[in-house]
Amino acid sequence: QVQLVESGGGLVQAGGSLRLSCAASGLIFRLNAMGWYRQAPGTQRELVASITSGGTPNYADSVKGRFTISSDNAKKAVYLQMNSLKPEDTAVYYCYANTQLGRTYWGQGTQVTVSS
């Protein structure tokens, strides 16, 4: 079975930084894109950032200028550098991977908590 394993979450003060990592294990066909969603209690899930296999990134307006997504195709990994964190960034962050076969895989989620 394919697994996406996340790490890097934690508790940080407002203005601080965290770096999230997500790496795929197991056999995955060619990736079209990887990225990150987040969901806070009582809210709908939000697409934070995505990156295509060609390296083209996309960001939610709320994180532009603060977050940077990157990937390593050889490692089948995706990263999210989060700077200037705000309390409203507090959420569970889930990575995902989309393949050329039309499948989507999800990470287990990692908690990011930003204190004021």
Side-chain angles (χ1 to χ4, degrees):
Q1 182 183 4
V2 172
Q3 290 188 106
L4 299 182
V5 180
E6 302 180 30
S7 63
L11 194 158
V12 66
Q13 292 184 344
S17 298
L18 287 171
R19 181 176 172 85
L20 305 183
S21 298
C22 174
S25 64
L27 184 62
I28 301 183
F29 197 70
R30 287 193 193 91
L31 296 170
N32 283 335
M34 300 185 76
W36 299 87
Y37 280 84
R38 67 186 180 188
Q39 186 167 21
T43 71
Q44 296 189 152
R45 65 205 292 260
E46 174 190 26
L47 178 62
V48 178
S50 64
I51 187 166
T52 69
S53 60
T56 301
N58 195 50
Y59 299 95
D61 288 341
S62 59
V63 307
K64 285 182 179 177
R66 300 188 298 120
F67 291 9
T68 302
I69 189 169
S70 60
S71 64
D72 184 330
N73 290 335
K75 295 182 178 179
K76 297 180 290 184
V78 63
Y79 311 93
L80 188 67
Q81 179 66 47
M82 305 185 293
N83 298 326
S84 301
L85 283 162
K86 304 175 180 179
E88 50 263 46
D89 295 318
T90 296
V92 178
Y93 285 69
Y94 298 91
C95 69
Y96 73 90
N98 292 331
T99 77
Q100 292 184 357
L101 293 179
R103 294 184 178 183
T104 301
Y105 300 95
W106 293 92
Q108 82 280 5
T110 185
Q111 177 71 46
V112 172
T113 302
V114 184
S115 62
S116 59

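When reading the values below, keep in mind they use all heavy atoms of this one structure, side chains included, and skip hydrogens, waters and symmetry mates.
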Task: Intermediate values then yes/no, side-chain contact (heavy atoms from CB on, under 4.5 Å), V92 and Q39 - done: CA-CA 5 Å; V92 178; Q39 186 167 21; 5.6 Å; no
- [ ] Tell me, yes or no, whether the heavy-atom count around R19 atom CZ, taken from other residues, nucleotides or ligands under 6.0 Å, exceeds 12.
- [x] yes
Open item on the list: Can you give me the closest heavy-atom contact between I69 and G35, atom names plus distance?
Closed with: CD1-CA, 3.9 Å
TODO: Decide whether Y94 and V78 are clustered together by the hydrophobic rule: side chain heavy atoms of Ile, Leu, Val, Met, Phe, Trp, Tyr closer than 4.5 Å, transitively.
DONE: no
Open item on the list: Can you confirm whether S17 sits close enough to Q81 that some side-chain heavy atom of one is under 4.5 Å from a side-chain heavy atom of the other?
Closed with: yes
Task: Heavy-atom donor-acceptor pair, Y93 side chain to E6 backbone, under 3.5 Å - done: no
Open item on the list: For R38 and L80: C-alpha separation, side-chain torsions, deciding distance, then whether side-chain contact (heavy atoms from CB on, under 4.5 Å) applies.
Closed with: CA-CA 12 Å; R38 67 186 180 188; L80 188 67; over 6 Å; no
Open item on the list: Evaluate N73 against L31 for side-chain contact (heavy atoms from CB on, under 4.5 Å), listing each step before the verdict.
Closed with: CA-CA 8 Å; N73 290 335; L31 296 170; 5.6 Å; no
TODO: May I ask you to decide if N98's main-chain N or O and T104's side chain share a donor-acceptor pair within less than 3.5 Å?
DONE: no
Open item on the list: If I compare all heavy atoms of A14 with all of S116, which pair ends up nearest, and what's the gap?
Closed with: CB-CA, 4.4 Å
TODO: Indicate the ring-plane relationship of Y96 and W106, choosing parallel, tilted or perpendicular according to the 30° and 60° boundaries.
DONE: tilted
Task: Least distance between heavy atoms, A97 atom then L4 atom - done: N-CD1, 3.7 Å
Open item on the list: A side-chain contact here means heavy atoms from C-beta on lying under 4.5 Å apart; do S62 and E88 qualify?
Closed with: no
Open item on the list: Which residue is it: L85, V114, T113? I am looking for the one with a side-chain contact (heavy atoms from CB on, under 4.5 Å) to L18.
Closed with: L85
- [ ] Determine whether V63 and W36 fall in the same hydrophobic cluster, where Ile, Leu, Val, Met, Phe, Trp and Tyr are linked whenever their side-chain heavy atoms lie under 4.5 Å apart.
- [x] yes
Task: Inter-residue atom distance K76.NZ - S53.OG, 0.5 Å rounding - done: 14.5 Å
Task: Heavy-atom check, side chain of F67 versus side chain of L20, under 4.5 Å - done: no
Open item on the list: A quick test of your reading: do over 12 heavy atoms of other residues, nucleotides or ligands sit less than 6.0 Å from CD of Q3?
Closed with: no
TODO: First locate atom OG1 of T52, then atom CG of N32, and finally report the distance between them rounded to the nearest 0.5 Å.
DONE: 9.0 Å
TODO: Please report the C-alpha distance between T68 and Y79 in whole Å, then the side-chain angles of each, then the deciding distance to 0.1 Å, and finally whether the side-chain contact (heavy atoms from CB on, under 4.5 Å) criterion is met.
DONE: CA-CA 8 Å; T68 302; Y79 311 93; over 6 Å; no
- [ ] With sequence neighbours excluded, tell me which residues meet salt bridge (charged side-chain N to carboxylate O under 4.0 Å, His left out) with R66.
- [x] D89
